[in-house]
Amino acid sequence: MNDSKPFPTKYDFKPVEKKWQDSWTSLGSYKAEENSLKEKYYVLEMFPYPSGRIHMGHVRNYTIGDVVARYKRLRGFNVLHPMGWDAFGLPAENAAQKNNTHPAKWTYENIDYMRAQLKQLGLSYDWSREFATCSPDYYRWEQQLFLEMYEKGLIYRKITTVNWCNTCQTVLANEQVIEGACWRCDELVHPRNMSGWFFKITAYAEELLSDLDALTGWPEKVVTMQKNWIGKSTGLRCDFQVAGLPEAISIFTTRPDTVFGVTFMSIATEHPLLETLIAGTGREEAIRLFVEEIHEEKLRQNIEEEPEKKGLFTGRYCINPFNNEKIPIYVANFVLMGYGTGAVMAVPAHDQRDFEFARKYTLPIVPVVLPEGQILQAQVMETASTIPGKLVNSGSFTGLDSVEAQSAIIEHARSHGFGDSLVTYRLRDWGISRQRYWGAPIPMVHCDSCGIVPVPSEKLPVTLPEDPDISKNECAPLSQRPGFIRTRCPRCDEEARRETDTMDTFVESSWYFARFACSDYRQDPLDRKKSSYWLAVDQYIGGVEHAILHLLYSRFFTKVLRDLGYLDVGEPFTNLLTQGMVIKDGAKMSKSKGNVVDPDQLINQYGADTVRLFSLFAAPPERDLEWNAQGVEGASRFLNRVYRYIISFAEQQGGVAAQTDFASEPSRALHRKMHQTIRKFTFDIENDFHFNTAISAAMELFNTLLLTTDENNAEQAERSVVMETIRNLLVLLYPMVPHFCSEMWSIAGFAQSLDQQNWPAWDEDAAREDLVTIVIQVNGKVRSRIEVESDISAEALEKEAFADENAKRFIAGKPVKKVVVVQKKLVNIVV
RNA sequence: GCGAGAGUGGCGGAAUUGGUAGACGCGCUGGUCUUAGGAACCAGUAUCUCUGAUGUGUGGGUUCGAGUCCCUCCUCUCGCACCA
């Protein structure tokens, strides 16, 4: 501003954005320190997978986070706002394979490129805390945690039917199977029996469920989804003695009140008792064939449609302990081994699946619960009756209501020793074994004499082999790399084999937010002091697509970390904002649709601030954002208008009179609007981060500024008021368009840096309107509008309304039945 | 099928506790300045049979008054889906 060079007529964002980014970097403006007197605030956006370049979804996500970070700094918080890379995963292997390179090289090059992109957006991260999860500096601590969890009995190994993706050549967790297909490649998954490592997330099922109620800062929707996923149900576990054998079959039901309506038993094809049951029945071959057939079918099964219910009599019977009735045992395709006990007492009268099954195989249907005012006749029923009612044909429980019968029946089972109440969860343990290369190695050793032995923590990290063991194929899975596998048993020092499974990449993202508190700590996974200072994350921001997977795993890990003594908190994210997708032409951006918008190109053309402003302005954050090229143009236009106003303001060089006597009406109007804007802007951000309406308020204030300083008007606002308005406008907009506001701040000649300002306060008195527009309605229809003093009394207001010409016309001498007066709003005259 | 959310101009979207429907922006129309303008600025912009009437997916209800509350139906989006 000291040199006399005239300002360009168009805001030249390129040098300006570069200048401020360099300045923030060299000053270390956003470095978070632990020793601060200010209250801490931890804002975090879901870190990206380094796929190559950022997309518009990232731009939106990180812009929202940056506004929160900068806003909270201006509000006087000690803000932690870090960024890192979710860097393990299959795409790196695929890319490496394709380009004959190494996954690490590919990954780190992507990170370098994407980091530069994020810096170009002017995001206020504390880059000193950055890390990539594929670095041994990170995953060695994950391996350490693995060992500690193993020690605590939270990790075990088992053989189960897993979801196998042929394309990815690996196992997937239940959560990673979406509509029967792989979440990453969309290929249909197949069941397969394999042994693998499991995290005992079910040990925390109850806490994961009950703590949801305390997450008041989370969207209802996400809480509900997690509740459903955990899927708690309470009921009766009960043993049915097999006739002629010492074994009993254990069942689980949520409808113990229907136990007298049991007419057969269904067990899963994988039920462990199956072989014992069929032995000696003469039906062995037929059953085995049937089971085989079902398994084949499941392999080919199209997940979209439910297969027809099928079953086969095993040749055995069991005894219903409640009425001593002998019922046939069937093996059936619709019984899941993974839920409950893998065996179901079948009550066709009151369960739709059992009903269909019974009709198909002409098994008896016995109604035992009558809903009020209904009569159930087995012969004519078309569907099962699932509503509660009064019990019939139920021995001593007849006459009881469903609800009371349930507890009475459970109690009966308990006291007679053949059953008890049982809580089951839909949630299963988290299978974390992946059979690939680019992941964190599981720190275990298989020894022929000692069995499975953990790698001692002082021997960590177990690093990924860097050199190819198999020529020209860098991405051979660990299981095909003899150099990695060969090791010595930590216990007996004999030759042994390393575990070749790697951990699911969701493990990395389950605790990265805690590591940000102390990313350079070298003694332990977490520095207890720093992590307890920063955690929990006050505001977490990311896509709703992670509502179950990542957020559930992170909650689980947080509880584990707490129990291992690393954290004080049991929940990782106090407040969660799930932002909507960025769409174009009504569809999600995708290469195949050809509707992808490239952030690089946009930033190049319009600058980071314009892109940021538009993505904040076009929709509230939780909703989908329709990308609109002309809308971006509009955002750019707004900044340019402000720019031109400020350079002309700066060029006028007029001395600022210290007067604030508001000699002119425009001064008063501008001053009032300014205070109203500060109030609205603050509310909009504080309640739900509605930046779109905040920005529109800022635009209104700017429009008022133009209007009240228009030279064509007889009177203009005084320079002191104008200056104060500009000053506050720049502070308000700073979190959204930081480069622009910083530059304008310096052009306008304000002292210090914008970073060091305080968020402006508003004055309720100054924001109050002297005059308000009152609507006059006759019979609820708007007939007129009048301007009155805002503090006018109800009586006077009513009088004014009746004096109004338009109102009089519509009253037209009719008798007035009622008058409703709402101060500062309206008068409704009913005739 | 179950659960959750959403339907407002040509478009994105605004509307404290029920109280001026359409803020702000885009687009469009007309104008000013210009050799020119896809620049900038000014004015207008829900619809119609226009002193008035009609308008927030449909149909009803409550109310002096409903985008907002209640019921019915329709459409769309998302999540779950043989969970006993």
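Order of the sequence lines sets the chain letters (A, B, ...), proteins ahead of strands, with each chain counted from 1.
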*asked:* Using OP1 and OP2 only, check whether a side-chain N or O of A:Lys680 sits under 4.0 Å from B:U16.
replied: no
Taking B:A40, B:G25, B:G52 as options, the one with an atom nearest any side-chain atom of A:Phe617 is B:G25
* To do: Could you please spell out the steps behind the ring pair (Phe, Tyr, Trp, His ring centres under 6.0 Å) verdict for A:Phe614 and A:Tyr606?
  => CA-CA 11 Å; A:Phe614 177 73; A:Tyr606 294 101; 9.6 Å; no
A:Leu771 CG to B:U20 P, in whole Å, measures 19 Å
Considering every strand and a 4.0 Å limit on heavy-atom distances, what is the contact class for A:Phe810: base, sugar-phosphate, or nothing? sugar-phosphate
Determine whether the side chains of A:Thr202 and A:Tyr425 contain a donor N or O and an acceptor N or O closer than 3.5 Å.
no
Roughly how many Å apart are B:U77 and B:U72, using the C1' atom of each and rounding to a whole number?
22 Å
Testing B:U20, B:G52, B:G13 for proximity to the side chain of A:Arg785, the answer is B:U20
With a 3.5 Å cut-off and just heavy-atom distances, do the side chain of A:Lys309 and the base of B:C82 make a donor-acceptor pair?
yes
Looking only at B:G25, B:A81, B:A84, the nucleotide nearest the A:Asn703 side chain is B:G25
Check: When you check the side-chain N and O atoms of A:Asn640 and A:Arg637, is any donor under 3.5 Å from an acceptor?
Finding: no
Within residues 257-267 of chain A, those residues having any heavy atom closer than 4.0 Å to RNA chain B are none
One should report the stems of RNA chain B, each a stretch of at least three consecutive Watson-Crick or G-U pairs at distances under 3.5 Å, as B:1-7 with B:74-80, B:10-12 with B:24-26, B:27-32 with B:40-45, B:46-48 with B:52-54, B:59-61 with B:69-71
Among the nucleotides B:A84, B:G79, B:G13, whichever has the atom closest to the side chain of A:Val335 is B:A84
### Query
So do the side chains of A:Arg60 and A:Met581 get within less than 4.5 Å of each other, counting heavy atoms only?
no
key: Contact check, side chains of A:Ile201 and A:Leu427, non-hydrogen atoms, under 4.5 Å   = yes
I want to check one thing: is the phosphate of B:G12, taken as OP1 and OP2, less than 4.0 Å away from some side-chain N or O of A:Arg623? no
Would you say the side chains of A:Thr610 and A:Tyr11 form a donor-acceptor pair under 3.5 Å? no
Among B:G13, B:A84, B:G12, the one nearest any side-chain atom of A:Ser233 is B:A84
Looking at A:Arg612 and A:Pro735, would you say the former's side chain and the latter's main chain have a donor-acceptor pair under 3.5 Å?
yes
- request: Have a look at A:Asn640 and say if it touches a base, only the backbone sugar-phosphate, or nothing, with a 4.0 Å heavy-atom cut-off.
  value: nothing
Of B:C83, B:A14, B:G25, the nucleotide closest to the side chain of A:Met699 is B:G25
Here the distance between atom C1' of B:G25 and atom CG of A:Leu639, to the nearest Å, is 13 Å
Numerically ordered, the residues 818-831 of chain A set in heavy-atom contact under 4.0 Å with RNA chain B is A:Lys818, A:Val820, A:Val822, A:Lys825, A:Leu826, A:Asn828, A:Val830
Expected label for B:G9 (glycosidic angle, syn inside 90° of 0, else anti) would be syn
Exercise for review: Indicate, with a heavy-atom threshold strictly under 4.0 Å, whether A:Lys10 touches base, sugar-phosphate, or nothing.
Suggested key: nothing
Quiz prompt | A:Leu208/A:Gln226 under side-chain contact (heavy atoms from CB on, under 4.5 Å): CA gap, chis, key distance, verdict | solution = CA-CA 9 Å; A:Leu208 285 168; A:Gln226 293 222 349; 6.0 Å; no
Atom CZ of A:Phe681 and atom P of B:A23 are separated, to the nearest Å, by 20 Å
Check: In whole Å, what separates the C1' atom of B:G13 from that of B:G22?
Finding: 10 Å
Just by modelled atom types, is the A:Gly543 backbone N or O under 3.5 Å from a matching donor or acceptor in the A:Asn61 side chain? no
Rounded to whole Å, the CD1-C1' distance (A:Ile251 to B:C83) equals 14 Å
Of B:C80, B:A84, B:G13, the nucleotide closest to the side chain of A:Pro620 is B:G13
Quiz item: With side chains defined as the heavy atoms from C-beta onward, is the minimum distance between A:Leu549 and A:Phe506 less than 4.5 Å?
Solution: yes
Q.
What contact category does A:Gln777 fall into here, base, sugar-phosphate, or nothing, at under 4.0 angstrom with non-hydrogen atoms?
A. base
Against the side chain of A:Arg783, the closest entry in B:A53, B:G13, B:G27 is B:A53
A:Glu633 CD to B:C11 P, in whole Å, measures 21 Å
_Can you tell me if A:Arg428 touches the phosphate of B:C83, counting only side-chain N or O atoms and a distance under 4.0 Å to OP1 or OP2?_
no
| Does B:A14 have OP1 or OP2 sitting under 4.0 Å from an N or O in the side chain of A:Asn692? | yes
Per atom distances to the A:Glu700 side chain, the nearest of B:A81, B:C78, B:C24 is B:C24
_Taking the cut-offs as 6.0 angstrom to the six-membered ring centre and 45 degrees off its axis, would you call A:Arg353 and A:Phe334 a cation-pi pair?_
no
Per atom distances to the A:Arg637 side chain, the nearest of B:A81, B:G27, B:G12 is B:G27
May I ask you to say what A:Gly340 touches in the nucleic acid, namely base, sugar-phosphate or nothing, with a heavy-atom cut-off under 4.0 Å? nothing
Under 3.5 Å donor-acceptor, A:Ser790 side chain and A:Glu769 backbone: yes
In whole angstroms, the gap separating C1' of B:C80 from CD of A:Glu545 amounts to 17 Å
Applying a 4.0 Å non-hydrogen cut-off, can you work out what A:Asp354 is touching in the nucleic acid: base, sugar-phosphate, or nothing? nothing
Rounded to whole Å, CD of A:Gln226 lies from P of B:C80 at a distance of 12 Å
Over 60° means perpendicular and under 30° means parallel, so tell me whether A:Tyr330 and A:Tyr361 are parallel, tilted or perpendicular. tilted
- Query: Considering only heavy atoms from C-beta outward, does the side chain of A:Glu800 approach that of A:Ile774 to under 4.5 Å?
  - Reply: no
